[in-house]
Student: 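Below is one structure. I have some questions about it.
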Amino acid sequence: MPPSSRGTSTHTTNKQTNPQRRAVTVSVFLRDSRPSRSVAFSRDGTLFGWCNGHSVSVVKCADGSVVSTLDLPKTALLEFSPLNSILVTWQPYTKTQDSPQGDANLQLWELPSGRMIKALYQKKVDSWCPRWSEDEKLCVRSVNNELHFFENNDFNSIANKLHMQKVSDFALSPGAQPSKVAIYVPGIKGAPSFVRLYQYPVLGGPSAALANKSFFKADKVRMQWNQKASAILVTASTEVDKSGASYYGEQTLHYLAVNGETALVQLAKNGPIYDVAWSPNSMEFCVVYGFMPAKATVFNLKCDPVFDFGTGPRNAAYYSPQGHILVLAGFGNLRGHMEVWDVKKYKQVSKPEAPDATFFSWCPDGEHIVTATCSPRLRVSNGFKIWHYTGSVLHKHSVAENSQLWEVCWQSFPSGAFPERPVKYQAAPSELGTTQAAPTQAYRPPALRHLPATPSTKLHEDEPPQDLRKGHSGEKSLSKSALKNQRKREAKKAAKQEAKPDPEPASAPAPVSNSQSEASSGDPETDKKIKNLKKKLKAIEELREQQASGKVLQKNQLEKMQKEEQLLKELQELQIEQ
């Protein structure tokens, strides 16, 4: 949850006590008695910083020793650069009579000396923090609809600029050099919006773009790089759905790769896109989408579906840091159902429940998770739980009645600090037990509960999980709708075969062919008789079909059917005379 300017922040940390065992212990600590406005761990987890409304403090996580203290009472947000060389602080932008232009509210501080490197203006809280490459050789800021690039933490000179119409948002790629940047330009005057990928420092014009994707219906976008920086997912959203089908607006999902490939991700159910998550292996991504009950599907880099989790009450997806486990959850306005899946086997591990949860986060060890009820989303029953992914509750903490919980975060660790472990299916031992979801049953009025259960009409049809990988399914790798249509056709064909009347005896005269029926005898009287006979035979054929379908015929209709052989004989004699 975003930090707030009020309330008490409680922080969960995991400490590695034995490198061989990779044991994780959880401790709750308060660095001082004042309410914390904002907290942050450094990327490697060695430093921890917070602001309490009086000052900003930075300490070492190993022993709690103070690294730096800054007199910044109004600080609302803070962040560390990737190599811990710079602390970034932000406070709300304000104007006064003494300072009509306002004070520079974004400040860069050198660590551990505490020397100010640069003070900048950043009015909006969106994208407030500059974004660095992992080696800190490149830093990017969005200023007045253009991007400013700084090299080697030299903020006194702009090394490069990217200005194109109106750059509304950007995303810097993770990983090593060369760095790549994705920019979003909203459409104006009927022109489409677009996202383009560039590789720094080649930023000149459309021909320099690695990939380009244009689309309509986009008031804002969310751009997500995979860890290998080989592709990016763009969720384009409108604030209002003009069709009136959803109050979430409209969303579309687009895929762009640095090799120039682009695609629109085709989703199998209409409705909003709730969440998109890359797998840490950078080869797959999961999308949660569609009107409730929502679908969840894993796609490969060709944007083809790999596994469909069916439908359920969910609006979020979370991969473990190692990528071996996926949690599908329904938080916020849903009841807190979680589905824990083994990604390699696509087998469900557990199905715990965390009612009223507003926050979820994986521990870096890939074994534990934290769920929390935080303000301001919910101001009552604030607290957090530490879980094992098998559904066991290992630790529970409730905030005092007159206090509020604003943020919970795990201590960070360098990538690769915790290797992947085999997935367990048996619940981990715990004194607090588990909270596995009980099977839900349809409501039955008291007057009907003593009667045998009968199939009930549902508002929707639940769809089961389906493995769409080739060779992993009993049927061909078809889409859900294609399989459903195929089954309908087969059922219709079988019903038609059962409804067919028994074949006529071999001695019965064969019906007249179309070629014979169209022939004329030249005698108007004979043609009229033939026409009347065919009309009667057609009526008998219709009665036979009605009888085969189960309809009870009247006595005169049965008598009419008994005359079929006589009418066929008369028809044959008239046709022979032609």
Student: Hey, would you say the W278 and Y319 ring centroids sit under 6.0 Å apart?
Tutor: no
Student: For H368 and Y389: C-alpha separation, side-chain torsions, deciding distance, then whether ring pair (Phe, Tyr, Trp, His ring centres under 6.0 Å) applies.
Tutor: CA-CA 6 Å; H368 303 85; Y389 65 77; 8.4 Å; no
Student: Between S179 and Q199, do the side chains contain a donor N or O and an acceptor N or O under 3.5 Å apart?
Tutor: no
Student: Mark yes or no: R131 above the aromatic ring of F170, with NZ or CZ under 6.0 Å from the six-membered ring centre and no more than 45 degrees from the axis.
Tutor: yes
Student: Would you give the length of the straight line joining atom CG of L197 to atom CD1 of I183, rounded to the nearest 0.5 angstrom?
Tutor: 9.0 Å
Student: Determine yes or no for a side-chain-to-main-chain donor-acceptor pair under 3.5 angstrom, with E134 supplying the side chain and P82 the backbone.
Tutor: no
Student: Under 4.0 Å between a side-chain nitrogen and a carboxylate oxygen: does that hold for R314 and E339?
Tutor: yes
Student: H395 vs F384 aromatic rings, parallel, tilted or perpendicular, using cut-offs 30° and 60°?
Tutor: tilted
Student: Using only heavy-atom distances, determine whether the side chains of W387 and S392 contain a donor-acceptor pair under 3.5 Å.
Tutor: no
Student: Here's one to test your reading of the geometry: is the NZ or CZ of K269 within 45 degrees of the ring axis of F291 and under 6.0 Å from its centre?
Tutor: no
Student: Going by atom types only, do E136 and S81 share a side-chain donor-acceptor pair under 3.5 Å?
Tutor: yes
Student: Is there side-chain contact between W225 and V181, with at least one heavy-atom pair below 4.5 Å?
Tutor: no
Student: Mind telling me whether W362 and F360 have parallel, tilted or perpendicular rings, with 30° and 60° as the class edges?
Tutor: perpendicular
Student: Within this structure, what is the CD1-CD1 distance for the pair I369 and I386, rounded to the nearest 0.5 Å?
Tutor: 9.0 Å
Student: Side chains of Y318 and L328: closer than 4.5 Å at any heavy-atom pair?
Tutor: no
Student: Would you confirm whether S320, through its side chain, and I325, through its main-chain N or O, come within 3.5 Å as a donor-acceptor pair?
Tutor: yes
Student: For S282 and Q227: C-alpha separation, side-chain torsions, deciding distance, then whether side-chain hydrogen bond (donor to acceptor under 3.5 Å, both in side chains) applies.
Tutor: CA-CA 6 Å; S282 298; Q227 288 190 8; 5.4 Å; no
Student: Could R196 and Y198 be counted as a cation-pi pair, given that NZ or CZ must be under 6.0 Å from the ring centre and within 45° of the axis?
Tutor: no
Student: Would you say S375 and N382 are linked by a side-chain donor-acceptor pair, where the criterion is simply a distance under 3.5 Å?
Tutor: yes
Student: For P364 versus Q411, what's the shortest heavy-atom pair and its separation?
Tutor: CG-O, 3.4 Å
Student: Report the distance from atom CD of E401 to atom OG of S381, rounding to the nearest 0.5 Å.
Tutor: 10.0 Å
Student: Would you kindly say whether D342 and Y425 are connected by a side-chain donor-acceptor distance under 3.5 Å?
Tutor: yes
Student: Under 3.5 Å, is there a donor-acceptor pair between the side chain of T373 and the main chain of D356?
Tutor: yes
Student: Mind checking the CG-CD spacing from D365 to E420? Nearest 0.5 Å is all I need.
Tutor: 12.5 Å
Student: Could I get the full list of side chain to side chain donor-acceptor pair (under 3.5 Å) partners for R222, not counting sequence neighbours?
Tutor: D275
